[in-house]
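Read the structure below first, then the notes.
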2 protein chains.
Amino acid sequence: MVTTRNTREDVITAAGRLFASKGYHGTSMRDLGRELGLRGSSLYSHVTSKEDLLVAVVEQGAGHFEASAEAALGSSDTPIEQLRALIAGHVEVLLDRSDAAKTFLYEAESLDDDRRSLIIGARDRYEQVFRDVLAAGARDGTFSADLHPKMAAIFILSILNAVERWYTSDGPLDRNGLEQEIARFVEKSLV
Amino acid sequence: MVTTRNTREDVITAAGRLFASKGYHGTSMRDLGRELGLRGSSLYSHVTSKEDLLVAVVEQGAGHFEASAEAALGSSDTPIEQLRALIAGHVEVLLDRSDAAKTFLYEAESLDDDRRSLIIGARDRYEQVFRDVLAAGARDGTFSADLHPKMAAIFILSILNAVERWYTSDGPLDRNGLEQEIARFVEKSLV
DNA sequence: CCTACCGATCGGTAGG
DNA sequence: CCTACCGATCGGTAGG
């Protein structure tokens, strides 16, 4: 059996796992050490503080959603297809990067004020992408002209974020089916 | 100035306030004592443990949602009006009993397995009310016949629960407007 | 990455 | 409802 020293990356990954499942306050540095097979105090050769770890995980999560939004916008010129790509991309971040995504969505409030503001800014920019696509669709006739883009964006993101709370890939609904159920429900509301 | 001893009710109310804003793990018994103007250790004349407090708050939250669902079902015989009453009732529980409601929704996972199962059961029964109303509406032609009641119930509750994360009564949207925006978005999806 | 430790804080008890 | 305290655990540091 080969044993290798942990890297900073390993520490951040494990921290994401624990923060996502037990919360930031519910995770101790000793818990995290145990997860990696070392003492809590040894973690301080990789990070300067526990909050430093939270920052790293939350920024990863923000980055994944940002990248997904950018890819979705570039994938098509039509609002309806951009919206579908946004929905599919969000689901994929939530399922494939679930630790970072959940920590980004739910544990950022444990950051100090300055850093929390940065993360809220990232969330706002991401929501703005949805709003812009919806507004473009309302202008060009894809969606109803009396659509409220701001409300619709909030409602769509509400549905998307909640996926993490109920969906399991063990059930009858596969990932593609999930994305289609959401897109179907949402699109009916928009026309 | 009149100073009165605190009752168990006072303690539970204050606990709900702190659990909702800082989380169960982020709240210490000394924090809670400070909130009530007494020492942390004095709380143990009112409760037997910190988890006992969480149980009490979470059960209050469950009770409010249960009562709202029952009232909504009794308010009308038509699925569309029952659904509107469910939506309005959920929003009102979230806004008027926000501490208990948020603790019920987000902090139940800190309970031990047995008690958590009970709460998940309560959530499932509540969701089932939405599902039944949706299915009845699909049967009688109010909603589309190919509606998926289970999916729709999840999506509607996703929108409703998220209200707590973005809505503020300081903004341009009053409570009635909020309820109508949600009902409008949701109903378009169901027909 | 370890041992040994720091002061602070945790949930909770004893005894009034 | 208080003081005084318990053992356990917290984030983190010193020094190797």
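Excluded from the calculations below are hydrogen atoms, water molecules and symmetry mates; all remaining heavy atoms, backbone and side chain alike, are included. Within every chain, numbering begins at 1; the chains are lettered A, B, ... in the order of the sequence lines, protein sequences first and strands thereafter.
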Whole-Å distance separating the [atom1] atom of [X] from the [atom2] atom of [N]:
| X | N | atom1 | atom2 | value |
| --- | --- | --- | --- | --- |
| B:Arg34 | D:dC1 | CZ | P | 16 Å |
| B:Leu32 | C:dG12 | CG | C1' | 14 Å |
| A:His25 | C:dG11 | NE2 | P | 12 Å |
| B:Tyr44 | D:dT3 | OH | P | 17 Å |
| A:Leu43 | C:dC1 | CG | P | 9 Å |
| B:Glu35 | D:dC1 | CD | C1' | 18 Å |
| B:Leu54 | C:dC10 | CG | P | 17 Å |
| B:Met29 | D:dC5 | CE | C1' | 17 Å |

> Which nucleotide in the list C:dG12, D:dG11, D:dC1 gets nearest to the side chain of B:Asn6?
Replying inline: D:dC1

>> Please pick, from C:dT13, C:dC1, C:dC2, the nucleotide with the shortest atom-to-atom distance to any side-chain atom of A:Arg39.
In response: C:dC2

Ignoring backbone atoms, establish whether [X] has a side-chain N or O less than 4.0 Å from OP1 or OP2 of [N].
| X | N | answer |
| --- | --- | --- |
| A:Ser41 | D:dG12 | no |
| A:Arg30 | D:dT9 | no |
| A:Ser45 | C:dC1 | no |

>> Tell me whether A:Lys102 forms a cation-pi arrangement with A:Phe19, defined as NZ or CZ under 6.0 Å from the six-membered ring centre and within 45 degrees of its axis.
In response: no

>> Does the plane of the ring in A:His90 sit parallel, tilted or perpendicular to the ring in A:Phe65? Use 30° and 60° as the thresholds.
In response: tilted

>> Under 3.5 Å for both donor-acceptor distances, Watson-Crick or wobble: does D:dG15 have a partner, and if so which one?
In response: C:dC2

> Just how far is it from atom OG1 of A:Thr27 to atom CZ of A:Arg17, taken to the nearest 0.5 Å?
Replying inline: 11.5 Å

> To the nearest 0.5 Å, how far apart are CZ in B:Phe185 and CD1 in A:Ile156?
Replying inline: 5.0 Å

>> Reading DNA chain D from 5' onward, which residue's closest nucleotide shows up sooner: B:His46 or A:Gly40?
In response: B:His46

>> Testing the 3.5 Å rule here: is there a donor-acceptor pair between the side chains of B:Asp10 and B:Thr7?
In response: yes

